[in-house]
Amino acid sequence: MNPITTDLLSIVIPLYNEEDNVVPLTQKIHESLEGYQYEIVYVDDFSTDATRKTIKRMKDGKVHLIELKKNYGQSLALAAGIDYASGEYIITLDGDLQNDPSDIPEMLRYAVADDFDVVTGIRQKRKDSIIKKIPSKIANFLVRRVTKLDIKDNGCALKVFTKDIAKELNLYGEMHRFINLLAYLEGAQIKQVPVKHHARHSGVSKYGLERVFKVVADMMLLLFIRKYFQRPIHLFGIFGFLMILLGVFINIYLLFLKFYLGQDIGTRPLLIFGLMFILAGIQLFTIGIVMELLIRTYYESQNKRPYRIKKVTVGGSRS
């Protein structure tokens with residue numbers, strides 16, 4: 001199949017302890033993209049094994065290695081790679097060989113010929129463990145329920161972006177799980193296509209069941225940004241009004257007990273505890289939102305990036 005585009009492609013791959021996977025992955029990319037102009041941007045998220053040395057030993061002129069100064073997590077590693085990438089189309093995938101680079105040409109055809117901003121994969125016959133599938137199903141369900149975006153597999157790392165959309169994603173925290181939603185909020189037209197999925201080639205998965213709670217927390221934040229970012233009074237005002245009503249009803253009930261039934265209300269702690277729990281929950285939730293928004297504003301308004309690059313190596317030589 002002839003390449004559909006001669007534009008430079010950037011393949012962005014975050015890595016953490018993938019020393020046994022980078023060589024076969026690089027070979028598969030070369031085989032799959034023969035005839036294309038492309039660069040492979042590996043972002044090493046402060047691996048503790050020989051990942052960096054293995055990449056440098058390849059001395060591959062198409063390979064760019066970004067070394068981060070510490071472990072920032074997958075979202076910021078992706079952000080570093082996307083910021084560095086110079087291709088007109090930016091392609092992301094994992095470094096564990098579960099994604100198949102041979103799917104990239106077909107995805108590119110949809111992006112170029114049909115003018116889609118994002119082409120995202122739907123993993124067929126997933127080879128993941130139940131520990132990875134449960135959080136993924138929760139995330140997919142939440143995205144479909146609280147947004148108008150019907151994406152079947154938000155967790156698939158294999159995606160093709162136009163440069164403009166990719167550069168506007170502003171990834172931080174652990175928002176890589178909702179990268180489709182972030183692109184959608186930027187106005188992207190998204191296409192879903194089935195892709196192959198393989199068992200991990202080597203190494204161990206970095207995911208656990210605690211990811212379920214992170215998914216829920218991140219989803220709550222994105223829901224707030226989508227619905228209330230420009231009108232927070234619609235959220236906090238409603239909560240405040242409901243709490244005032246609750247307080248009024250409680251006071252009426254206590255007055256009824258005091259003056260109509262003649263009961264002593266000074267020794268009734270249950271309602272006070274209930275109100276304290278409600279108030280504490282609202283305070284924690286709102287503090288979390290405010291802190292997230294402050295962090296987002298800090299980085300975006302000052303054009304600062306929440307990661308630090310130690311050095312960049314191209315083809316085995318430091319640039």
Side-chain angles (χ1 to χ4, degrees), residues 8-34 36-105 107-108 121 156-161 163 166-167 169 171-172 174 176 179 195 198 200-207 305-319:
L8 179 67
L9 309 175
S10 294
I11 320 299
V12 176
I13 307 170
L15 299 173
Y16 181 70
N17 291 349
E18 302 287 0
E19 61 179 336
D20 295 325
N21 292 325
V22 288
V23 172
L25 177 57
T26 304
Q27 292 171 347
K28 284 182 177 291
I29 292 173
H30 288 328
E31 293 169 1
S32 302
L33 296 182
E34 185 177 358
Y36 288 88
Q37 298 182 52
Y38 61 93
E39 61 182 8
I40 303 173
V41 181
Y42 284 127
V43 185
D44 183 73
D45 195 20
F46 206 69
S47 295
T48 57
D49 65 358
T51 297
R52 295 184 295 277
K53 292 181 179 179
T54 303
I55 294 172
K56 292 174 183 177
R57 281 199 298 265
M58 289 192 293
K59 298 187 181 301
D60 190 321
K62 290 185 178 293
V63 172
H64 301 239
L65 171 62
I66 300 174
E67 299 179 45
L68 300 182
K69 285 191 172 183
K70 67 175 185 177
N71 181 262
Y72 288 99
Q74 188 172 349
S75 288
L76 293 186
L78 267 177
I82 290 172
D83 288 345
Y84 175 86
S86 56
E88 289 301 312
Y89 290 91
I90 295 176
I91 301 155
T92 63
L93 67 154
D94 282 337
D96 55 11
L97 288 171
Q98 290 194 273
N99 301 132
D100 198 321
S102 66
D103 288 313
I104 294 175
M107 297 175 75
L108 272 170
C156 182
L158 181 53
K159 305 178 192 296
V160 176
F161 299 88
K163 180 179 181 179
K167 299 286 186 179
L169 287 175
L171 293 173
Y172 68 99
E174 297 189 29
H176 63 276
I179 198 169
V195 297
H198 306 291
R200 169 175 272 274
H201 180 261
S202 65
V204 295
S205 174
K206 287 80 177 178
Y207 297 99
R305 306 311 296 162
Y307 58 80
R308 295 290 181 269
I309 293 175
K310 182 178 180 181
K311 61 182 176 181
V312 176
T313 304
V314 180
S317 300
R318 185 172 178 176
S319 63

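Computed from a predicted model, the values in this text were never measured in an experiment.
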Heavy-atom side-chain contact between D45 and Q74 under 4.5 Å: no
Passing candidate, side-chain contact (heavy atoms from CB on, under 4.5 Å) with L93, options D103, L25, V195: L25
NZ (K167) with more than 12 external heavy atoms under 6.0 Å: yes
Over 12 foreign heavy atoms within 6.0 Å of NZ, K62: yes
Expected output: side-chain T92 to main-chain A157 donor-acceptor under 3.5 Å: yes
Within-4.5 Å side-chain heavy-atom neighbours: R52 and S47: yes
Point-to-point distance, once rounded to the nearest 0.5 Å, from CD1 of I309 to CG of D83: 8.0 Å
Side-chain touch V43/L76, heavy atoms, less than 4.5 angstrom: no
Pairwise distance OG(S102) to CG(L33) - rounded to 0.5 angstrom: 10.0 Å
Y38 (side chain) donor-acceptor with G87 (main chain) under 3.5 angstrom: no
Heavy-atom closest pair, residues N71 and F46: N-CB, 3.4 Å
Smallest separation among heavy atoms of T26 and M58, with atom names: OG1-CE, 3.5 Å
Test item: Y36 and L108 side chains (from C-beta on) under 4.5 Å apart, heavy atoms: yes
Reported CG-to-NE2 distance for the pair L97 and H198, which is rounded to 0.5 angstrom: 8.5 Å
Which atom of A77 lies closest to which atom of P14, heavy atoms considered: CB-CB, 3.8 Å
Derivation of the side chain to side chain contact (heavy atoms under 4.5 Å, CB included) call for I11 and Y42: CA-CA 8 Å; I11 320 299; Y42 284 127; over 6 Å; no
Heavy-atom pair of closest approach, residues L68 and A80: CD2-CB, 4.1 Å
For D44, the option from I55, T51, N17 that meets side-chain contact (heavy atoms from CB on, under 4.5 Å): T51
Atom of D49, atom of E18 and distance for their closest heavy-atom approach: OD2-N, 3.5 Å
Heavy-atom side-chain proximity of S86 to L8 below 4.5 angstrom: yes
Min side-chain heavy-atom separation L78-L169 under 4.5 Å: no
Heavy-atom pair of closest approach, residues A50 and E19: CB-OE1, 3.1 Å
Side chains of I40 and D60 in contact at under 4.5 Å (non-hydrogen atoms): no
NZ-NZ distance between K310 and K69, expressed to the nearest 0.5 angstrom: 9.0 Å
Any residue meeting side-chain hydrogen bond (donor to acceptor under 3.5 Å, both in side chains) with K56, in chain and number order, not counting sequence neighbours: E67
Spacing of K159 atom NZ and M107 atom CE [to the nearest 0.5 Å]: 8.0 Å
Pair D94-L158, side chain to side chain contact (heavy atoms under 4.5 Å, CB included): steps then yes or no: CA-CA 7 Å; D94 282 337; L158 181 53; over 6 Å; no
Any donor-acceptor N/O pair, D96 side chain to Q98 backbone, under 3.5 Å: yes
Contacts of A85 that satisfy side chain to side chain contact (heavy atoms under 4.5 Å, CB included) - sequence neighbours left out: S10, V12, E39, I90
Test item: I179 and F161 side chains (from C-beta on) under 4.5 Å apart, heavy atoms: yes
